[in-house]
Amino acid sequence: MRSPPPIAGTQTRPGIASAEAGLVLLDGPDGIAVTMTAYAASETGKSLIEAAQRAEHWTEPEV
Amino acid sequence: MFTDRFLKGRRGVQLGAEERAVLEGAISEVRTIDARATIVSAGDPLSNSTLLIDGFMCRYLDDREGMRQLVAVQVPGDFVDLHAYPLKTLDHDVATLTAATVAIVPHRALDGINATMPELTRKLWFSTLLDAAIHRAWLFRLGRLDAVGRVAHFLSETNARLLPVGLSDGSRFALGITQNDIAEICGITNVHANRVLRQLREEGLCVFRSSLVDILDVRGLARRGQFNPDYLYIDADMPPSSNESQAS
């Protein structure tokens, strides 16, 4: 599997999630600062994992 | 004098005695306004501009759900809506954050300055360009920084803005706004702001309590917020504590 071409601004460090007052806070990567309900965070997490799996299996289209 | 803080400590734009007298003479009225009062609504036709003498004001936009995003905070000495002079209406609302004292300057008086005093006109223009520079810094803050960085940047910036007008000793100042205001400035929720302020305190960078800000580590806070005060065009002759705000 080949890595995708580097794109400026792509984050290589993960954001950090924490729980506060019954909500989920997501800090980073840079530019990200979001508060979510537990449901929204859970569904976002699932979506992120699914997208990450698709990205990991990305292959460059043949020309 | 009502204009004492206008452009005070800014590079190359100190008002001369005649200029100050003319600007004082342009004031038609001085008003005190309660906290949390909207003084200009978007789209209102305007024939005056407002010089903030004392207190804190903001410019803001509401989203479709009524959630407020502060797009500027004005500190004493700021000409809050000088851009209304050429625009005649604003695209955002203007409100007080704290009780405030303002000087009203009719646009017809600004017409007179514009026609007869080009150097004072340049200095007025400078003040609107300073607003634009601050807007660019706010874009950077929201686009590139995490929650802790955004709050650190805002508090470092406010400290640097209040120092020239004598309202910060270089690390401590009364801000007069709430944690929720900080959230609306930094594009985060109140819960997030609460956690960030606690984190800044635990890291020994800054304490925000009862609307009083005590920056424990000026350089450290600036570094955390990637804050560099160059965009504020502060005179190099200001006290050293202002220069300590530079990120390294």
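Protein chains get the first letters and strands the later ones, always in sequence-line order, with residue 1 at the start of each.
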Under 6.0 Å from the [atom1] atom of [X], do we count more than 12 heavy atoms belonging to anything else shown?
X	atom1	answer
B/Arg198	CZ	yes
B/Leu139	CG	yes
B/Asp34	CG	no
A/Arg13	CZ	no
B/Tyr231	OH	yes

If the condition is side-chain hydrogen bond (donor to acceptor under 3.5 Å, both in side chains), which residues does [X] pass it with, not counting sequence neighbours?
X	value
B/Thr38	B/Tyr60
B/Arg68	B/Asp181, B/Glu184
B/His153	B/Arg141

To the closest 0.5 Å, what do you measure between CD1 (B/Ile188) and CG (A/Asp27)?
8.5 Å
Where on A/Leu23 is there a heavy atom nearer than 4.5 Å to chain B: the side chain, the backbone, both, or neither?
side chain
Output the residues of residues 200-214 of chain B for which the shortest heavy-atom distance to chain A is under 4.5 Å, in residue-number order; output 'none' if no such residue exists.
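Expected list: none.
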Kindly indicate, with the supporting measurements, whether the criterion side-chain contact (heavy atoms from CB on, under 4.5 Å) is fulfilled by B/Val191 and A/Leu25.
CA-CA 9 Å; B/Val191 170; A/Leu25 310 185; 4.1 Å; yes
I'd like to verify something: which residue of B/His192, B/Arg144, B/Arg195 has the highest number of heavy-atom pairs under 4.5 Å with chain A?
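Winner by heavy-atom pair count: B/His192.
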Looking at every non-hydrogen atom in both residues, tell me the closest pair between B/Asp146 and A/Ala33 and how far apart they are.
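So the minimum-distance heavy-atom pair works out to C-CB, 4.5 Å.
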Which heavy-atom pair separates B/Asn194 from A/Glu20 by the least distance, and what is that distance?
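That would be OD1-OE2, 4.4 Å.
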